[in-house]
Amino acid sequence: MSRMSYEQTGVAMTCRSYDEYVRMFDLKDADLRNGEVLDVAAGGSSFTAEANGRGIPAMAVDPRYEGNAALWISEAAREIDDSTKKLAKIAQVFDWSYYGTLEKHREGREASLRRFEADASGNFGLHRYVAGRLPELPFDDNRFSLLLCSHFMFLYAGQFGPDFHLQSVIELMRICRPGGQIRIYPLISLNWEPYPELDALLEAVRANGGKPELLPTRLPFIPESDYFLQISL
Ligand SMILES: C[S@@+](CC[C@H](N)C(=O)[O-])C[C@H]1O[C@@H](n2cnc3c(N)ncnc32)[C@H](O)[C@@H]1O
């Protein structure tokens, strides 16, 4: 494995699309139409906007939603520029079979951010985009049928310790209803190192009544990052 890594200080606000989520988490229509869906650490993703546009009742939670919407949207737009420059320096490490080129990757992010902006600053914004921060989320027990967490939990393993991850996963299990699922991707850090505490975390999930599985993602891009974590309750 290369010694290169994706340079990042703090947690970025990125904006992946509905299609990226569907592929990342191998989502089937039945997974999405089984009750309420929550995008955790949603950032500027258009998943929630597009899901609702398809009649799927989805919400998003992120600490950034505390502030003014115009601020998060301009931050997410700057992040597209920054990440494009960073990716250009290490482009050869990634699998471009889904995105095609760096320019198409950038265009996809811009389109996703426009959808997010229209939805988050529209009438539904206040109900769909909720300010909240792991490891404690402002939702009742057993509420959601599907919880998705893209590019937050283990990606920033260096900034948050194993206690944070354990508490956060237990919190996601609290707000997931019996019969529901939690899906988390990726399971590696920004240095593309596998999350070192995964076995202990999976043991704790089992001890709390969850069934963890590693399942193949359909979003090729990050090196050696072929699986997402699914927890069934
Ligand atoms: C890299 S972005 C991912 C956005 C989106 N899920 C995507 O895949 O494009 C990470 C997000 O995690 C959010 N975040 C940071 N700390 C958090 C916490 N303690 N709990 C939940 N989300 C957090 C950030 O505000 C940021 O929007």
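Read the numbers this way: they start at 1 and go in the same order the structure lists the ligands and their atoms. Keep in mind it's a predicted model, so treat the numbers as computed, not measured. Basis for what follows: all heavy atoms, side chains included, without hydrogens, waters or symmetry-related copies.
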*asked:* Which residue in the set Asp31, Asp26, Asp39 passes salt bridge (charged side-chain N to carboxylate O under 4.0 Å, His left out) when paired with Arg183?
replied: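 Single pass found, and it is Asp31.
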*No-hydrogen, no-angle side-chain donor-acceptor test under 3.5 Å, Glu50 and Ser46*: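 A donor-acceptor contact under 3.5 Å links the two side chains.
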*asked:* We want to know whether Glu20 and Tyr99 form a side-chain donor-acceptor pair, criterion being a heavy-atom distance below 3.5 angstrom.
replied: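 Yes, side-chain donor-acceptor contact under 3.5 Å.
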_Pairing of Arg206 and Glu203 as salt bridge, 4.0 angstrom limit_ =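 Counted as a salt bridge, because a side-chain N and a carboxylate O are separated by less than 4.0 Å.
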*Can you name the side-chain contact (heavy atoms from CB on, under 4.5 Å) partners of Asp19, sequence neighbours left out?*
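In terms of side-chain contact (heavy atoms from CB on, under 4.5 Å), with neighbours along the sequence ignored, Asp19 is linked to Ser17, Arg23, Tyr98.
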*asked:* Taking non-hydrogen atoms within less than 4.0 Å of ligand 1, which protein residues qualify?
replied: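 Answer by chain and number: Val11, Ala12, Met13, Thr14, Cys15, Arg16, Tyr21, Ala41, Ala42, Gly43, Asp62, Pro63, Arg64, Arg133, Leu134, Ser150, His151, Phe152, Tyr156, Phe164.
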*Does some side-chain heavy atom of Gln167 sit less than 4.5 Å from a side-chain heavy atom of Asp163?*
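In contact.
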